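For reference, the structure discussed in these notes is given below.
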There are 2 protein chains.
Amino acid sequence: MKMSAGVEWSLHCCTALSTSARPVPVTKLAELHGVSQTYLAKHMQALSRAGLIHAVEGRDGGYLLSRPGAEISVYDVVQAVDGPEPAFRCTEIRQQGPLPATGEACKVPCGIAKVMAAAETAWRDSLQAVTLADLAATLDSTSPGAWDAVRHWLSGTRFDAP
Amino acid sequence: MKMSAGVEWSLHCCTALSTSARPVPVTKLAELHGVSQTYLAKHMQALSRAGLIHAVEGRDGGYLLSRPGAEISVYDVVQAVDGPEPAFRCTEIRQQGPLPATGEACKVPCGIAKVMAAAETAWRDSLQAVTLADLAATLDSTSPGAWDAVRHWLSGTRFDAP
DNA sequence: GGATAGTTACTCGGATACCATGTGTCCGAGTCGTAACGG
DNA sequence: CCGTTACGACTCGGACACATGGTATCCGAGTAACTATCC
């Protein structure tokens with residue numbers, strides 16, 4: 001089981017976006033994090049399709065969070081990039097073979113599927129409890145002023161710093 | 001993020017093994033669940049390497065649980081088949097780009113990595129709380145006598161039923 | 001000086017190759033049960 | 001009748017192809033800002 005690296009990139013980018021009131025192009029985001037521009041663009045498109053961010057077109061355009069960072073959970077981002085389907089998918093092999101489960105027992109989901117689903121629910125709940133604003137606040141507490149530097153850099157080449 | 005189908009197969013097989021005191025060959029397990037013998041064999045090898053089951057060689061051999069089903073958690077099986085490394089891997093992109101995190105901030109793990117790790121811990125804890133014996137008991141409560149049928153079938157072609 | 005049309009540069013968006021990992025299969029090494037054989 | 005030996009069949013174990021999805025890239029469509037021109 002491997003999660004796409006795009007999830008990590010997207011989380012960092014969305015957290016950065018949550019601190020910027022101005023549209024930020026993919027070029028900037030990729031350079032800031034030192035990752036591939038084109039591949040990051042692919043994931044940003046996924047976030048855009050999911051409605052988490054929206055694009056400002058044209059020159060000086062870029063991406064902007066659709067909602068405040070406090071209203072976007074980490075799970076929202078993970079789901080947008082990684083897809084909504086659960087990692088474990090029951091293929092109902094209990095209905096196969098020489099001793100298939102009877103229609104009676106199949107009324108309820110497979111016990112194994114239930115356990116796996118419960119675990120994924122716990123995982124999802126844990127991610128839903130954290131918002132982008134929480135992430136930003138955490139970083140801000142460990143290294144104060146970091147976001148100011150990011151904000152300053154994001155707008156650095158466009159107009160001079162005050 | 002996709003989990004290997006072998007996880008589902010392995011869980012079903014291990015649960016079946018937990019009800020059998022006799023070695024069960026892969027051939028039987030695959031036929032019972034209606035899956036590929038050779039591919040299932042691959043996953044059973046992984047379980048064997050992990051020490052969850054051990055092979056009885058030679059004729060009338062097969063696989064046997066190394067420990068009682070009550071002492072093997074669902075997570076043990078998942079980890080054996082799926083691998084121990086977590087789904088989310090922090091690549092420390094905070095240290096890249098024009099504004100890398102300073103050595104001071106890197107003393108503590110990345111906030112995003114911490115959140116993802118906490119979620120995976122919740123997932124793991126959920127799976128560790130359930131044992132193979134629990135799974136067997138659940139199925140037994142929904143369709144009583146099912147395991148007797150399985151036990152009977154597993155030894156069916158080898159010696160006559162009582 | 002102000003409005004306007006043209007130009008330019010920059011942005012996103014989808015369609016297109018490449019590669020690692022999961023999926024599926026095969027054959028060989030080793031071992032136990034069985035049966036034949038000899039004492 | 002009992003012990004030995006050879007055989008055979010069955011088991012696991014690792015090494016070998018194929019397919020799917022993540023990884024990475026490119027180029028085209030569209031838009032807003034800027035500039036130069038004209039009134």
Side-chain angles (χ1 to χ4, degrees), chain A residues 1-10 13 17 22-31 33-64 66 78 80-83 85 87-89 91 93 154 157-159, chain B residues 1-10 13 17 22-31 33-64 66 78 80-83 85 87-89 91 93 154 157-159:
Chain A
M1 189 169 54
K2 195 183 68 170
M3 178 167 289
S4 166
V7 171
E8 181 186 8
W9 298 7
S10 300
C13 287
L17 283 180
R22 224 181 300 277
V24 181
V26 175
T27 310
K28 281 276 177 191
L29 289 172
E31 187 183 354
H33 296 106
V35 300
S36 160
Q37 298 181 9
T38 54
Y39 190 32
L40 178 61
K42 184 188 183 75
H43 295 301
M44 299 305 274
Q45 288 172 26
L47 293 172
S48 176
R49 265 192 295 269
L52 296 181
I53 62 180
H54 71 92
V56 177
E57 296 185 330
R59 181 172 162 169
D60 290 359
Y63 282 110
L64 219 49
S66 299
V78 172
V81 175
D82 204 61
E85 58 271 354
F88 181 88
R89 272 160 304 227
T91 60
I93 64 177
L154 284 178
T157 59
R158 201 170 290 156
F159 23 82
Chain B
M1 190 170 53
K2 197 182 65 169
M3 178 169 289
S4 166
V7 171
E8 182 187 8
W9 298 7
S10 300
C13 288
L17 283 180
R22 225 181 297 278
V24 182
V26 175
T27 310
K28 282 275 177 192
L29 289 172
E31 188 183 353
H33 296 106
V35 299
S36 159
Q37 297 181 8
T38 53
Y39 190 32
L40 178 60
K42 186 187 184 74
H43 294 301
M44 298 306 274
Q45 288 171 28
L47 293 172
S48 177
R49 266 192 294 269
L52 296 180
I53 62 181
H54 68 93
V56 176
E57 295 185 331
R59 181 171 162 167
D60 290 357
Y63 283 110
L64 219 49
S66 298
V78 171
V81 175
D82 204 60
E85 58 273 352
F88 181 88
R89 271 160 303 229
T91 59
I93 64 177
L154 283 177
T157 59
R158 200 170 290 155
F159 24 82

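Keep in mind that this is a model prediction, so the values were computed, not measured. To find a chain, count down the sequence lines: A is the first, B the second, and so on, and within it residues start at 1.
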(message) Is it the case that the side chain of B:Ser48 and the backbone of B:Met44 share a donor-acceptor pair, with hydrogens and angles ignored and the cut-off at 3.5 Å?
(response) no

(request) Say whether, by atom type as modelled, one donor and one acceptor occur between the side chain of B:Ser66 and the main chain of B:Leu52 under 3.5 angstrom. (result) yes

(request) Return the value, rounded to whole Å, for the distance between atom CD1 of A:Ile53 and atom P of C:dT11. (result) 15 Å

(request) Mind calculating the distance between CD (B:Gln37) and P (C:dG24) to the nearest angstrom? (result) 14 Å

(message) Could you tell me how far apart B:Leu17 (CG) and D:dC12 (P) are, to the nearest whole angstrom?
(response) 11 Å

(message) What is the separation between atom CZ on B:Arg49 and atom P on D:dC12, rounded to the nearest whole Å?
(response) 14 Å

(message) Let's see if you can work this out: which of C:dG33, D:dT23, D:dC12 has an atom nearest to the side-chain heavy atoms of B:Val26?
(response) D:dC12

(request) Side chain of B:Asp60 only, please: which of D:dC12, C:dT23, C:dG33 is the nearest? (result) C:dG33

(message) Under 4.0 Å from OP1 or OP2 of D:dC10: is there any side-chain N or O of B:Thr27 that close?
(response) no

(message) Just the rounded figure in Å: distance from C1' of D:dC12 to CG of B:Leu64.
(response) 14 Å

(message) Tell me the interatomic distance from B:Leu29, atom CG, to D:dC10, atom C1', rounded to whole angstroms.
(response) 15 Å

(request) Can you measure from NZ (B:Lys2) to CZ (A:Arg89) and round to the nearest 0.5 angstrom? (result) 6.5 Å

(request) Using modelled atom types only, decide if a donor and an acceptor are shared between the side chain of B:Glu8 and the backbone of A:Thr91 within a distance under 3.5 Å. (result) yes

(request) Considering just the side-chain nitrogens and oxygens of A:Tyr39, establish if one lies under 4.0 Å of OP1 or OP2 belonging to C:dA17. (result) no

(request) Check whether any side-chain N or O of A:Arg59 sits under 4.0 Å from OP1 or OP2 of C:dC12, and answer yes or no. (result) no

(message) Classify B:Ala41 by what it touches in the nucleic acid, base, sugar-phosphate, or nothing, heavy-atom distance under 4.0 Å.
(response) nothing

(message) How many whole angstroms separate atom NE2 of A:His43 from atom C1' of D:dT25?
(response) 13 Å

(message) At less than 4.0 Å, is any side-chain N or O atom of A:Ser48 found next to OP1 or OP2 of C:dG13? Yes or no.
(response) yes

(message) If you assign A:Trp9 and A:Gly58 each to the DNA chain D nucleotide with the nearest heavy atom, which residue ends up on the more 5' nucleotide?
(response) A:Trp9

(request) Select base, sugar-phosphate, or nothing to describe what A:Ser4 touches, counting heavy atoms under 4.0 Å on all strands. (result) sugar-phosphate

(request) To the nearest 0.5 Å, tell me how far A:Thr38 OG1 sits from A:His43 NE2. (result) 10.0 Å

(request) Nearest whole angstrom, please: distance from the C1' of C:dG22 to the CE of B:Met3. (result) 13 Å

(message) Counting only side-chain heavy atoms from C-beta out, which of C:dG30, D:dT25, C:dT25 sits nearest to B:Thr38?
(response) C:dT25

(message) Categorize A:Gln45 for me: base, sugar-phosphate, or nothing, with a 4.0 angstrom heavy-atom threshold over every strand shown.
(response) base

